[in-house]
Amino acid sequence: MASLNVSSVLVVLFLTCGAVMATKENDQIIKENNCEGKMGLPCVLEAFTSIFNTGTISNKCCGEVVVFGKVCHSALVKRTLENPLFKDLNPATIIAKSIQTWNNCLALIDSPSPST
């Protein structure tokens with residue numbers, strides 16, 4: 001339960017404090033693509049946990065990630081990495097996990113459903 005609370009706090013910071021710390025480039029990308037508010041909080045939490053911690057992302061949330069779009073996905077991950085709270089994380093590892101999450105979700109959504 002404690003890890004859920006920590007994850008919830010991290011998501012709130014991801015959505016709020018990150019905007020203050022964002023570089024102009026990522027902030028501009030996020031504004032131009034109207035990224036914030038495109039995903040529901042439960043799916044934001046799942047995606048965040050799968051990228052910045054250890055966790056999995058459900059099929060439903062993978063669908064939201066793909067609709068969210070690669071540009072928004074990448075910009076928000078990069079903006080989060082700029083937050084001082086995440087200074088101890090290895091950016092290359094997080095970017096790799098972000099790409100892996102995106103690719104896994106895209107493959108899941110693009111794969112045909114089994115016929116019954």
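As the structure is a computational prediction, the values presented were derived from the model and not from experiment.
Partners of Ser58 under the side-chain hydrogen bond (donor to acceptor under 3.5 Å, both in side chains) rule, at least two apart in sequence or in another chain, are Glu46. In this structure, Thr56 has no side chain to side chain contact (heavy atoms under 4.5 Å, CB included) partners at least two apart in sequence or on a different chain. With sequence neighbours excluded, the residues forming a side chain to side chain contact (heavy atoms under 4.5 Å, CB included) with Lys31 are Asp27, listed by chain and number. Listed by chain and number, the residues in a side-chain hydrogen bond (donor to acceptor under 3.5 Å, both in side chains) with Glu32 are Gln28 (sequence neighbours excluded). In terms of the side chain to side chain contact (heavy atoms under 4.5 Å, CB included) criterion, residue partners of Thr93 (sequence neighbours excluded) are, by chain and number, Asn90, Lys97. Residues satisfying the side chain to side chain contact (heavy atoms under 4.5 Å, CB included) test with Ile99, not counting sequence neighbours, are Ile95, Asn103. The salt bridge (charged side-chain N to carboxylate O under 4.0 Å, His left out) check on Lys60 picks up Glu64, with sequence neighbours excluded.
In this structure, Phe48 and Phe86 have perpendicular ring planes: the angle between them is above 60°, well past the 30° mark.
Ile29 shares a hydrophobic cluster with Val71; the chain of contacts runs through ILVMFWY side chains whose heavy atoms sit under 4.5 Å apart.
Judged purely by atom type and a 3.5 angstrom limit, Asn33 has no side-chain atom pairing as donor or acceptor with the backbone of Cys35. Not one N or O on the side chain of His73 forms a donor-acceptor pair closer than 3.5 Å with the backbone of Phe68. Ser98 places no side-chain N or O within donor-acceptor distance of the main-chain N or O of Ile94, the cut-off being under 3.5 Å.
One hydrophobic cluster, built from ILVMFWY side chains closer than 4.5 Å, holds both Val65 and Ile109.
The pair Arg79-Glu36 meets the salt-bridge criterion, since a charged nitrogen lies less than 4.0 angstrom from a carboxylate oxygen.
In this structure, Cys105 and Ile57 approach most closely via the heavy-atom pair SG-CG2, 4.0 Å. Residues Asn59 and Leu108 approach most closely at OD1-CD2, 3.0 Å, considering heavy atoms.
Interatomic distance, Phe52 CZ to Leu89 CG, rounded to the nearest 0.5 Å: 7.0 Å. Note that CG of Leu45 is 10.0 Å distant from CG of Asn53, once rounded to the nearest 0.5 Å. Taken from OG1 in Thr101 to CG in Leu106, the straight-line distance is 12.5 Å, to the nearest 0.5 Å.
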